[in-house]
Amino acid sequence: MIKPTKTVIITGANSGLGYECAKRIARTSPDYHIVIAGRSAERIERAAQSLAGETGVNRFTPVQLNLASLDSVRKFAEQWPQLGLPRCTV
């Protein structure tokens with residue numbers, strides 16, 4: 001098993017294109033850890049669990065983030081270092 005060395009943040013990943021992108025990355029890129037970000041803590045937690053079940057990998061971290069709220073973005077940025085994830089790629 002390859003240990004993830006990179007992190008990708010996918011917003012809106014609890015459904016639709018974001019969910020499918022997270023699934024694809026999990027299946028094809030074992031060097032990536034995937035942060036599932038979205039407005040609803042419950043929905044992103046369910047999405048992370050569902051993705052882990054569908055892909056058979058446990059490289060998902062659900063994090064609440066509402067890009068329409070500067071307070072939410074600041075909170076996300078403050079908690080980022082404490083997550084201890086591999087470096088983020090652009």
Side-chain angles (χ1 to χ4, degrees):
M1 182 166 135
I2 297 174
K3 182 177 179 182
T5 58
K6 303 173 194 168
T7 299
V8 62
I9 303 167
I10 301 178
T11 58
N14 59 304
S15 65
L17 285 175
Y19 185 91
E20 293 302 319
C21 287
K23 186 173 14 175
R24 175 78 180 241
I25 291 168
R27 287 184 173 159
T28 62
S29 302
D31 55 331
Y32 277 90
H33 185 88
I34 303 138
V35 174
I36 306 296
R39 293 179 299 208
S40 168
E42 295 82 22
R43 287 190 301 221
I44 57 174
E45 181 63 42
R46 281 195 309 267
Q49 291 173 1
S50 179
L51 284 162
E54 287 184 47
T55 63
V57 298
N58 191 19
R59 291 182 279 122
F60 301 98
T61 299
V63 179
Q64 190 170 13
L65 172 62
N66 180 355
L67 293 175
S69 164
L70 287 178
D71 286 337
S72 178
V73 173
R74 284 187 194 102
K75 184 178 176 183
F76 177 83
E78 288 170 4
Q79 74 183 86
W80 181 260
Q82 298 154 7
L83 296 175
L85 299 172
R87 68 182 171 81
C88 195
T89 60
V90 179

Determine the sole option in L65, V63, V35 for which the side-chain contact (heavy atoms from CB on, under 4.5 Å) test with T11 is passed. L65

First locate atom CZ of R39, then atom OG of S72, and finally report the distance between them rounded to the nearest 0.5 Å. 10.5 Å

Counting only heavy atoms not in R24, do more than 12 fall under 6.0 Å of its CZ? no

Drop me the distance from K6's NZ to I34's CD1, to the nearest 0.5 angstrom. 12.5 Å

How far does CG of L51 sit from CZ of R59, to the nearest 0.5 angstrom? 11.0 Å

For A13 and A47, the nearest pair of non-hydrogen atoms, with its separation, is O-CB, 4.0 Å

For L85 and W80, what are the C-alpha separation, side-chain angles and deciding distance, and is it a side chain to side chain contact (heavy atoms under 4.5 Å, CB included)? CA-CA 8 Å; L85 299 172; W80 181 260; 4.0 Å; yes

Using atom types as modelled and distance alone, determine if a side-chain donor or acceptor of S29 lies under 3.5 Å from a backbone N or O of Y32. no

Residues I25, I10; criterion side chain to side chain contact (heavy atoms under 4.5 Å, CB included); working and verdict: CA-CA 10 Å; I25 291 168; I10 301 178; 3.9 Å; yes

Test side-chain contact (heavy atoms from CB on, under 4.5 Å) applied to F76 and I9, L83, L67, the passing residue: I9

Between CZ of R43 and CD of Q64, what distance do you get to the nearest 0.5 Å? 10.0 Å

With rounding to the nearest 0.5 angstrom, report the CG to CZ distance, N14 to R46. 8.5 Å

Here the gap from F60 atom CZ to N58 atom CG, rounded to the nearest 0.5 Å, amounts to 8.0 Å

What pair of heavy atoms forms the shortest contact from A77 to P81, and how long is it? O-CD, 3.4 Å

Run the salt bridge (charged side-chain N to carboxylate O under 4.0 Å, His left out) check on K75 and E78 step by step: do they pass? CA-CA 5 Å; K75 184 178 176 183; E78 288 170 4; over 6 Å; no

With a 4.5 Å heavy-atom cut-off, do T55 and K23 have their side chains touching? yes

Where is the tightest heavy-atom contact between Y19 and S50, given as atom of each residue plus distance? OH-OG, 2.7 Å

